[in-house]
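Inspection log for the structure reproduced underneath, given as structure tokens.
Given the structure is predicted, the values throughout are model-derived calculations rather than measurements.
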Amino acid sequence: MKALVALILLVQLPIHKAVPAAAPAPLGCDDPESEAAAEVAVSYINAHSHHGYKFALNRIENIRVLPQGLNNDIVFLELDLLETTCHILSPTPLANCTVRSFTDHAVEGDCDVKLQKVDGKFSVLASKCHSHPDSREDVLQVCPDCPLLESLNDTEVSTLVTSALKDHNSKTPNAYLRLLEIGRAKIQYEPAHIVIAEFAVAATNCSAQDAKTNAEACHLLPDDEANFGFCTATMVKRPSQDLEVDCQLYGHQPGVTYSQPGQDTSAGLAPSVVQGFTNHNLKFSHNNPVASESSSSEFPTAVLSAKPVAKRAVAEVAQHDKVPRPVGFVPPPPPCPGRIRYFKI
């Protein structure tokens, strides 16, 4: 009898079932952790780019976190970047580089980056990017007289770079410089005909004076002595003719090298890798073939799609707005895409 009573009491005891832990809330594009991942990604992109300019973060378009285990996550980022005025060889920290203005014919970079986060530390596994300038129509609509980007191997541009480098070498008492690459070029036709170019250079083992007798004997310094620099040149062709050149050498930077794709570095010859292009496309440095969620830097469309997420978030906010809210209520922003830091192209 006692056993029966005990059994009845035991059955009546409340049963506590284990409640599964709630899944962590998805990261928003402007969350500190997302921005920390983006900072690592942008640093990686600039460090592994071989030509052109450094890029700065403009917007985090999307983020996806796939847990792999304890303190181990795979993170997929979709980033919008903007070109800065700092060449990839410049020692200037990215934080001190100026993002080119919209009227300077801005160049946008789009990157998918796959990272791993282990014990709170991010590392990049793969990256895939491409970059492109804003449309000529968009620039002219805001600034009808602004010069526009021109092909890097345009005849007028090549002529300017040749003349500018010759002019500099004829006047400097220092090292004789050779062209590495033309980084950027613009031409304006009205109200004046002006050609503008920016180009990377490197010091040779000759002084400019020595090069006057035998320039062909002058060679770029070896990596452990390399001294890179940057020049800007402007040639006015109409209504009057004028040439302005400014070249600065950075000084030797240990560990900094320049990847030469087999081009002639004589003054005025544009690298073959950029023939016909108006900018150095990031895809030449970042084009990882891995392309699935398990083994790719590229986002699977079924998992990540920035525009549908944004539309869904807006729709949800609109649905919530049908519910009476206190006076002054401000609906929360959608988690992605994130804020625009400069301007949208």
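Distance check: Cys129 SG to Phe284 CZ gives 13.0 Å after rounding to the nearest 0.5 Å. Atom SG of Cys247 sits about 11.0 Å away from atom NZ of Lys171, to the nearest 0.5 Å. With values rounded to the nearest 0.5 angstrom, Ile345 atom CD1 is found 8.5 Å from Asp138 atom CG. The CG atom of Leu115 lies 6.5 Å from the CG atom of Leu125; values are rounded to the nearest 0.5 Å. With rounding to the nearest 0.5 Å, the separation of CG in Leu79 from SG in Cys29 is 9.0 Å. Taking CD1 of Ile187 as the start and CG of Asp154 as the end, the distance is 4.0 Å to the nearest 0.5 Å.
With hydrogens and angles ignored, the 3.5 Å screen pairs a side-chain donor or acceptor of Asn169 with a backbone N or O of Leu177. Listed for the Thr234 side chain is no donor-acceptor partner under 3.5 Å among the backbone atoms of Glu244. A donor-acceptor distance shorter than 3.5 angstrom exists from the side chain of Arg59 to the backbone of Gly338, with no hydrogens or angles considered. Side-chain atoms of Thr257 do not come within 3.5 Å of backbone N or O of Asp223 as any donor-acceptor pair. With Asn58 contributing its side chain and Tyr342 its backbone, the two residues share a donor-acceptor pair below 3.5 Å. Counting only distance, with no hydrogens or angles, the side chain of Thr162 and the backbone of Ser158 share a donor-acceptor pair below 3.5 Å. When atom types are taken as modelled, the side chain of Asn46 and the backbone of Phe55 share a donor-acceptor pair closer than 3.5 angstrom. At least one donor-acceptor pair closer than 3.5 Å links the side chain of Asn227 to the backbone N or O of Gly251. For Glu61 (side chain) and Asp80 (main-chain N/O), no donor-acceptor pair under 3.5 Å exists by modelled atom type.
Partners of Arg341 under the side-chain hydrogen bond (donor to acceptor under 3.5 Å, both in side chains) rule, at least two apart in sequence or in another chain, are Glu35.
Identified under the side-chain hydrogen bond (donor to acceptor under 3.5 Å, both in side chains) test for residues 183-192, with sequence neighbours left out: Glu83-Arg184, Asp104-Lys186.
Looking at every heavy atom in both residues, Ala175 comes nearest to Thr172 through O-CG2, 4.1 Å.
Ser285 has its side chain within reach of His50: a pair of non-hydrogen atoms, C-beta onward, lies under 4.5 Å apart. With contacts defined as side-chain heavy-atom distances shorter than 4.5 Å, the pair Arg100/Thr85 qualifies. No side-chain heavy atom of Asp210 sits less than 4.5 Å from a side-chain heavy atom of Cys218. A heavy-atom distance below 4.5 Å is found between the side chains of Lys237 and Glu156. Contact of the Ser163 side chain with the Met235 side chain is registered, since non-hydrogen atoms from C-beta on lie closer than 4.5 Å. Between Ser90 and Phe230 the shortest side-chain heavy-atom distance does not fall below 4.5 Å.
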Test side chain to side chain contact (heavy atoms under 4.5 Å, CB included) applied to His105 and Asp134, step by step:
CA-CA 6 Å; His105 208 164; Asp134 190 13; 4.3 Å; yes
Practice task
Give the C-alpha distance, both sets of side-chain angles, the deciding distance and a yes or no for side chain to side chain contact (heavy atoms under 4.5 Å, CB included) between Gln116 and Ile74.
Solution key: CA-CA 5 Å; Gln116 186 170 26; Ile74 295 296; 4.0 Å; yes
- request: List the steps, then state whether side chain to side chain contact (heavy atoms under 4.5 Å, CB included) holds for Thr278 with His132.
  value: CA-CA 8 Å; Thr278 58; His132 57 90; over 6 Å; no
Stepwise side chain to side chain contact (heavy atoms under 4.5 Å, CB included) test for Asp31 and Ile63 | CA-CA 10 Å; Asp31 288 352; Ile63 183 169; over 6 Å; no
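By the rule that hydrophobic residues join a cluster once side-chain heavy atoms approach within less than 4.5 Å of another member, Val99 and Phe102 end up as members of one cluster.
Of the listed residues (Tyr250, Tyr53, Phe228), just one forms a ring-ring contact (aromatic ring centres under 6.0 Å, His included) with His87, and that residue is Tyr53.
In the model, Ser49 has a side-chain atom that pairs as donor or acceptor with a side-chain atom of His286 under 3.5 Å.
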